[in-house]
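Residue numbers count from 1 along this sequence. Remember, it's 1-based here, ligands and their atoms both numbered in the order they're listed.
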Amino acid sequence: MERVGSKAEARKTVADAHAEHKTVALVPTMGALHDGHLALVRAACARAEYVVVSVFVNPTQFAPGEDYETYPRDIDHDMDLLAAEGVDLAFTPSAAHMYAGDAGVTVDPGPLGARWEGEVRPGHFTGVATVVTKLLSIVRPDVAYFGEKDYQQLQVVRRAVADLDLAVTVTPHPVVRDRDGLALSSRNVHLSAEERVAARAVPAALEAVAEALAWGERDARALEWAMTDVLAEEPSLAIDYVAVVDPATLEPLDAVDRAARALVAARIGPTRLIDNCELLPPAAAGEPAPAHRKGSE
Ligand code: PAF
């Protein structure tokens, strides 16, 4: 595996791969790699002949007072993992190199970037949309991989690619979970043993909403309550939001009569947890609705 830190070297190296008519895939990451990232890398390696992974903790997507300084970093371990996966190029620029001191142009993610995570973390999606656009412009991949764990980020990237006519296929990858159901996240390393147990309430809330839907509940507020009830049982957990939304626009829905997405964001101590799941009403999923509600016999 080759590792480069400069934009010019990355451009040149990938241009050589394009000249050899290789399909190029990019997996953008902020490092501290875990099995969730590696699932994206494996999907990229299965699809493309030349795989680039960027490892860059992007300062512009952290608001002042957020965890930029303490965000987990382990570049040597990351490089070992990527080499073992057969990645061709690791792009590991410094922040000073990525952003000129007088850089002033950013990518505005529009209304999609203003709600949910955007409301809790003002400026976050401007930072994400800007750095992803820069990475796509430097690497010029044919396909780029993003995890559904950061579901709103995936939608912001899709919109940016569509609205800015970027010539890349955005490929999502399902959330990868630990055995206890918790979605894999670099920030999970900050959870103490007790917090880790409390954090299970987040996937449990998603299981509860899926179950309520399967039992026939369609009202979006009632479905949100099904999640809130589970989260509220865990006193150490503070809810940022729960929402049942349109899967593309992320606008709140009144009823789940077609495919939707359930979003959850909560804090345990200093650690933020976000998670989500698809909501497919049984008719949309092509399955018969349950004959009766639980406990109705
Ligand atoms: O999901 C992440 O790790 C980051 O937000 C990304 C897409 C690499 C942009 O910095």
Can you sort out which atoms of ligand 1 are near V131, meaning under 4.0 Å from one of its heavy atoms? 9 (C), 10 (O)

Side-chain donor or acceptor of D240 paired with backbone N/O of A266 under 3.5 Å: no

So, D219 side chain and A222 main chain: donor-acceptor pair closer than 3.5 Å or not? yes

For ligand 1, which atoms sit closer than 4.0 Å to a heavy atom of Q61? 4 (C), 5 (O), 9 (C), 10 (O)

So if I count the atoms of ligand 1 from 1 in the order they appear, which ones are less than 4.0 Å from some heavy atom of T29? 8 (C)

Atoms of ligand 1 close to P28 [distance to a heavy atom under 4.0 angstrom, numbered from 1]: 8 (C)

Main-chain N/O of M98 paired with K7 side-chain donor or acceptor, under 3.5 Å: yes

Side chain Q155, main chain Q152, donor-acceptor under 3.5 Å: no

For atom 7 (C) of ligand 1, find the nearest protein heavy atom and state the residue, atom name and distance (0.1 Å precision). Q153 NE2, 3.4 Å

Do the charged groups of D254 and R218 touch, with an N to O distance under 4.0 Å? no

